[in-house]
Amino acid sequence: MAFPNLFSPHKIGSMELKNRIILPAMGTKMNEPGGFVSQRLIDYHVARAKGGCGLNTVEVTTVHPTAFTEDSPALFDDKFIPGMKKLADSIREAGGKSCLQLWHGGKVAYNPNQVSSSPIAFEGVAIVPRELETAEIPEMVQAYAETAARAKQAGFDSVEFHAGHGYLPQQFLSPAMNFRQDEYGGSWENRTRFPLECIRAIRRAVGPDFPILMRISAIEDLPGGLTLEDMKAFSVLAEQAGIDAINVSRGVPSGAAIKYEVPPIDLPVGFNVDNATQIKSVVGIPVIAVGRINDPAVADRIIAAGLADFVAIGRAQLADPEFCAKSESGREAEIIKCVGCDQGCFDGFVNPNVPFISCMFTPATGRESEYELVPAERPKRVLIAGGGPAGLEAAVTLKRRGHEPILCEKSHMLGGQLYIAGAAPRKEEMASAALGMGEAAKRAGVEIRLDTEVTPELIREIQPDEVILAIGSTPVIPPVKGVDRGHVVGSHDVLWGTVRPVGNIVIIGGGLVGLEVAELLVERGQKVTVVEMQNEVAADLGLLRKICVMESLYGHGVQLMTNTKCLAIESDRVVVLQGEEEVSIPADYVVLAAGSRALDKQKLTDCLEECSIPYHVIGDAKQARRALNAVWEGAKVARSI
C-alpha cells in the first residue's frame, strides 16, 4: 500500500473510518430550490465515495428558517428527511461514510424571500442583521439539536457543528463580533455559553454514541478577534461538552481573512497544519488538519508525524474524485492536481450566473451523470491544432472515447499559456499542471507531434474526419506612439525570462498578466509602475487571488495608476493622461500587457471549408479568456464528436 499512514483506519467516536481522508463541507449550489437534495448533489458525493474517501461531509445545512438560502441544503423540517436519506444511503452504498454539517450563518445568512441579491454578500450582509433576543436563543439551540436528530434519522453516520468561519456560533464566541450585554456577551464564560449549549443539546438529541465533529477557525484574523490561544481553550471546553473530533480551519468570510477559508495558489500547501497541531496538543480527541493539502505525500507526512489525526482534502477531490484510490494504489502521478486557482469552485460559488461549482481541470465535477464518457459510435481521426490546455483536454477525452486524435503543437513543448502562467510568483503549480496535462495525453496514447504547425498542406496530408482549432492567442500591441522602440518588451518575454528588464519599469496594462509581471520584477528589486485605462486593476482576477495579488503589490510598493491612458513611449519616459493631467513617468523599460486576441485562423478555416471538413474553434483561439474556459471547451467539444 502506498502512503500507509494516510490509508490506515482510525475512529472518530464510535465511527471507524477506513482511511484518514475527509471530504470537508464545501458550498456547491447543487441542491434543488427550496433546500432539497438533488440528484446532482448525490452524484457528486457518490463519485468521491467510490473514489475511496473515508468520510463525506455534506455542506452547510441550514438548521433554522432564518438562515435559509437557495444555495444550500436544509434540514430544519421533516420534509427534508427523504432527500437526505437518499443522499446518506447513496454514500453508504458507494462504500463511504457520511457527515452532515449543521449551519446557521447568523449575520452572513440571508433570506431570498426578503432580498433579491445573491449570492451571500462576503463584504457585508444582504439584510441588516439584528441581535437575537435572549428569549429567542433557546429556540436556536434547539434548532441545532433537532436538525442533528433528523440527520441521524436520515441515516447519516455523524454530524459536524460549524462553529467557525464567522458563522453564528463564532459570532457569539468572538469579542470582535459579540457586543451583547446579557449572559451571552461580555466575559469569556458568557461568550462560550451559546456554542456550548448547542453542543450539549446536540449530544442529548443524538445520544452518547453518535459522532459529533466540530469545525472551528483556529485564528479569526479580525482586529480584536479570537486568537489561537482562545480556540485552544474553547476546544477543551467543546471536548468536555461532547465533541468527538475538531476540524481546524481558519478565517472569516469578510475582508482579506476570507483567503484562508478557500486558500488560493498564493498560500503555501499545508499552511494551516501548525494550527491543527496546536489544537491537538490540548485535546484528547482526533483533530483534522485542512488548508491546501493537495498531495498524498504531504498528507501522509502530516499523519506520520502526528501533526493531525485526519486531513480534510476538499478541492483536491473536486479536481480528481479518484484522488484517494489513485493515491492508495500508488498511481499518484495520475492524480489531476488542484492548484488553488479557485476559478471553478469559489469563483463559481460567488458568481450568481454560475449554477453550481465545478473545477477548472475537471469539468465533470457537478456533471457526473451528464459527463459520463460514452464510447464513440464511429471512431474518427481528429486533428487538433494546439497543445495548450484546450487542445490537451480535447485530445485526452477523444482518446478515452475511442477516437484517434492527432495533436500538433507549433512549439517544442506542451502546456501553452498555462505553462507561461507558472512563471509568475507563487504560481509554480500552474506550470506543473500544464506539464501534467501533457503527460496525461502521453499516458492516454495520444499521437503528439511537437514542432509541427498545422497548415493547409498538413490538413490535406492527414485528411482528418474533423479538426479542432486550439491555436491560442497573441498579445495585443496597443496603438501607441513609440511602441516599436527597443526598450519596449512583451509580458510573455519577461515571464519566459528571455528579457530581464531593470531600472524604472512601466507596465502598460493592469490585468492579471500585467500584475504578475509587476510582482516578478519588483521582487527582483526593480521600481515598477502599472498603467491601467480602467478604473481598477485586477478586474479579471477572482476575489481571493485578487486579495493576495493586491497585498503583494502594496507590500512591495508598486505604483498603480488607474483611469490612466498611455499617450506615447519615449526613450526614457512614458507619457500618460491621468484624468485631465498629462504626466511623465521615468522608464528604462516598458512592458506591454494590454491583453490578448485570438490568432488569425482564416487560412485554416478556408482550407477546412474548401475540403468540407467539420471543424471547431475552442479556447483562446475563439476568444482570449481564462484557462477554465479553454479546458471546459476542450472537454465539451470532445464529448460532442
Subject >> Over-ring placement of Arg639 relative to Trp632, 6.0 Å and 45° cut-offs >> reply: no
Original post:
Is the side chain of Arg315 donor-acceptor paired with the backbone N or O of Pro263 at a distance under 3.5 Å, no angle test?
Top reply: yes
Original post:
Just by distance, do the side chain of Gln317 and the backbone of Ile313 share a donor-acceptor pair under 3.5 Å?
Top reply: yes
Original post:
How far does CG of Leu543 sit from CG of Asn351, to the nearest 0.5 angstrom?
Top reply: 12.0 Å
Subject >> From Lys546, Arg545, Glu551, residue fulfilling side chain to side chain contact (heavy atoms under 4.5 Å, CB included) relative to Val549 >> reply: Arg545
Original post:
When you look at CE of Met533, are more than 12 heavy atoms from neighbouring residues, nucleotides or ligands closer to it than 6.0 Å?
Top reply: no
Original post:
Taking all non-hydrogen atoms of both residues, which atom of Gly348 and which atom of Val354 are closest, and how far apart?
Top reply: O-CB, 3.5 Å
**OP:** Report yes or no: do Asp43 and Ser369 form a side-chain donor-acceptor pair below 3.5 Å?
**Re:** yes
Subject >> Atom CZ of Arg485 with >12 non-hydrogen neighbours under 6.0 angstrom >> reply: yes
Original post:
Nearest heavy-atom pair of Glu519 and Leu553: which atoms, and what distance?
Top reply: CG-CD2, 3.8 Å
Original post:
Can you find a heavy atom in the side chain of Ile507 that is under 4.5 Å from one in the side chain of Thr529?
Top reply: no
**OP:** State whether Asp540 and Arg625 are salt-bridged, where the test is any N-O pair (Lys NZ or Arg NE/NH1/NH2 against Asp/Glu carboxylate O) under 4.0 Å.
**Re:** no
Original post:
Which residues satisfy the side chain to side chain contact (heavy atoms under 4.5 Å, CB included) test with Asp572, sequence neighbours excluded?
Top reply: none
**OP:** Report, as yes or no, whether the 6.0 Å neighbourhood of atom OH on Tyr419 holds more than 12 heavy atoms from other residues, nucleotides or ligands.
**Re:** no
Original post:
So, does Lys337 use its side chain to make a donor-acceptor pair with the main chain of Ser432 at under 3.5 Å?
Top reply: no
Original post:
Are any non-hydrogen side-chain atoms of Ile21 and Phe7 less than 4.5 angstrom apart?
Top reply: yes
Original post:
Can you list the residues that meet the side chain to side chain contact (heavy atoms under 4.5 Å, CB included) rule with Val46, with sequence neighbours excluded?
Top reply: Ile42, Lys50, Ser90, Ala94
Original post:
Residues in side chain to side chain donor-acceptor pair (under 3.5 Å) with Glu370, at least two apart?
Top reply: Arg40
**OP:** I would like to know whether Glu466 and His616 meet side chain to side chain donor-acceptor pair (under 3.5 Å); could you show each step before the answer?
**Re:** CA-CA 8 Å; Glu466 293 197 34; His616 314 266; 2.6 Å; yes
Original post:
Considering residues, nucleotides and ligands other than Arg500, do more than 12 of their heavy atoms fall under 6.0 Å from its CZ?
Top reply: no
**OP:** Would you please name every residue forming a side chain to side chain contact (heavy atoms under 4.5 Å, CB included) with Ser473, sequence neighbours left out?
**Re:** Gln417, Ser596, Asp620, Ala624
**OP:** Report yes if the side chains of Met561 and Ile585 come closer than 4.5 Å at any heavy-atom pair, otherwise no.
**Re:** yes
Original post:
Looking at Leu577, Val530, Val576, which one forms a side chain to side chain contact (heavy atoms under 4.5 Å, CB included) with Thr564?
Top reply: Val576
**OP:** Report yes if the side chains of Met30 and Ile357 come closer than 4.5 Å at any heavy-atom pair, otherwise no.
**Re:** yes
**OP:** Run the numbers on Arg597 and Thr474 for side chain to side chain donor-acceptor pair (under 3.5 Å), then give the verdict.
**Re:** CA-CA 6 Å; Arg597 58 175 175 80; Thr474 187; 5.4 Å; no
**OP:** Would you check if the side chain of Glu59 reaches a backbone N or O of Thr28 as a donor-acceptor pair within less than 3.5 Å?
**Re:** yes
**OP:** Could you list the residues that satisfy side chain to side chain donor-acceptor pair (under 3.5 Å) with Arg292, not counting sequence neighbours?
**Re:** Glu429
**OP:** Verify, without hydrogens or angle tests, whether His403 (side chain) and Ile641 (backbone) share a donor-acceptor contact under 3.5 angstrom.
**Re:** yes
**OP:** State, without any angle test, whether Glu453 and Thr455 hold a side-chain donor-acceptor pair at a distance under 3.5 Å.
**Re:** no
Original post:
With Tyr371, which residues qualify under side chain to side chain donor-acceptor pair (under 3.5 Å), at least two apart?
Top reply: none
Subject >> Partners passing ring-ring contact (aromatic ring centres under 6.0 Å, His included) against Phe361 (at least two apart in sequence or in another chain) >> reply: none
Show me the donor-acceptor pairs within less than 3.5 Å that the side chains of residues 486-495 make with the rest of the protein, sequence neighbours left out.
from: His487; atom 1: NE2; to: Glu570; atom 2: O; distance (Å): 3.1
from: Ser491; atom 1: OG; to: Leu592; atom 2: O; distance (Å): 3.4

Subject >> Any residue meeting side chain to side chain donor-acceptor pair (under 3.5 Å) with Glu332, in chain and number order, not counting sequence neighbours >> reply: none
Subject >> Heavy-atom closest contact (Phe3 atom, Ser327 atom, distance) >> reply: CD1-O, 3.4 Å
Subject >> Flag side-chain contact, heavy atom, 4.5 Å: Leu318 against Thr362 >> reply: no
**OP:** Would you please test Lys259 and Glu261 for salt bridge (Lys or Arg N to Asp or Glu O under 4.0 Å) and show each step?
**Re:** CA-CA 6 Å; Lys259 70 183 180 183; Glu261 288 193 27; over 6 Å; no
Original post:
Counting only N and O atoms by type, is there a donor-acceptor contact under 3.5 Å from the side chain of Arg573 to the main-chain atoms of Ile569?
Top reply: no
**OP:** Run the salt-bridge test on Arg426 and Asp266 with the 4.0 Å N-O cut-off and return the result as yes or no.
**Re:** yes
Original post:
Heavy-atom distance under 4.5 Å between the side chains of Val269 and Asp295, does that happen here?
Top reply: no
Original post:
What are the two closest non-hydrogen atoms of Pro464 and Ile613, and how far apart are they?
Top reply: O-CG2, 3.8 Å
Original post:
Do any N or O atoms from the side chain of Lys326 and from the backbone of Glu334 form a donor-acceptor pair under 3.5 angstrom?
Top reply: yes
Subject >> Donor-acceptor pair, side chain of Asp347 and main chain of Gly344, under 3.5 angstrom >> reply: no
**OP:** Might you confirm whether atom NZ of Lys636 has over 12 heavy atoms from other residues, nucleotides or ligands at distances under 6.0 Å?
**Re:** no
**OP:** Measure the shortest side-chain to side-chain distance between Val537 and Thr562 over non-hydrogen atoms and say whether it is less than 4.5 angstrom.
**Re:** yes
Original post:
How close do Pro363 and Ser358 get, heavy atom to heavy atom, and via which atoms?
Top reply: O-OG, 3.5 Å
Original post:
So, do Ser411 and Asp451 sit near enough that their side-chain heavy atoms are less than 4.5 Å apart?
Top reply: no
Original post:
Which heavy atom of Val631 sits nearest a heavy atom of Met360, and at what distance?
Top reply: CG1-O, 3.1 Å
**OP:** Please list all pairs passing the salt bridge (Lys or Arg N to Asp or Glu O under 4.0 Å) test where one or both residues lie in residues 392-414, with sequence neighbours left out.
**Re:** Arg381-Glu404
Original post:
What pairs with Asn56 under side chain to side chain contact (heavy atoms under 4.5 Å, CB included), at least two apart in sequence or on another chain?
Top reply: Leu23, His45, Arg48, Ala49, Cys53, Ile91
**OP:** Return yes if some donor-acceptor pair links the side-chain N/O of Asn535 with the main-chain N/O of Asn563 below 3.5 Å, else return no.
**Re:** no
Distance-only donor-acceptor hits, side chain of residues 601-612, under 3.5 Å, sequence neighbours excluded:
from: Lys601; atom 1: NZ; to: Ala621; atom 2: O; distance (Å): 2.6
from: Gln602; atom 1: NE2; to: Asp606; atom 2: OD1; distance (Å): 2.9
from: Thr605; atom 1: OG1; to: Lys601; atom 2: O; distance (Å): 3.2
from: Thr605; atom 1: OG1; to: Gln602; atom 2: O; distance (Å): 3.0
from: Glu609; atom 1: OE2; to: Tyr615; atom 2: OH; distance (Å): 2.9
from: Glu610; atom 1: OE2; to: Arg460; atom 2: NH2; distance (Å): 3.4

Original post:
Just by modelled atom types, is the Glu536 backbone N or O under 3.5 Å from a matching donor or acceptor in the Gln534 side chain?
Top reply: no
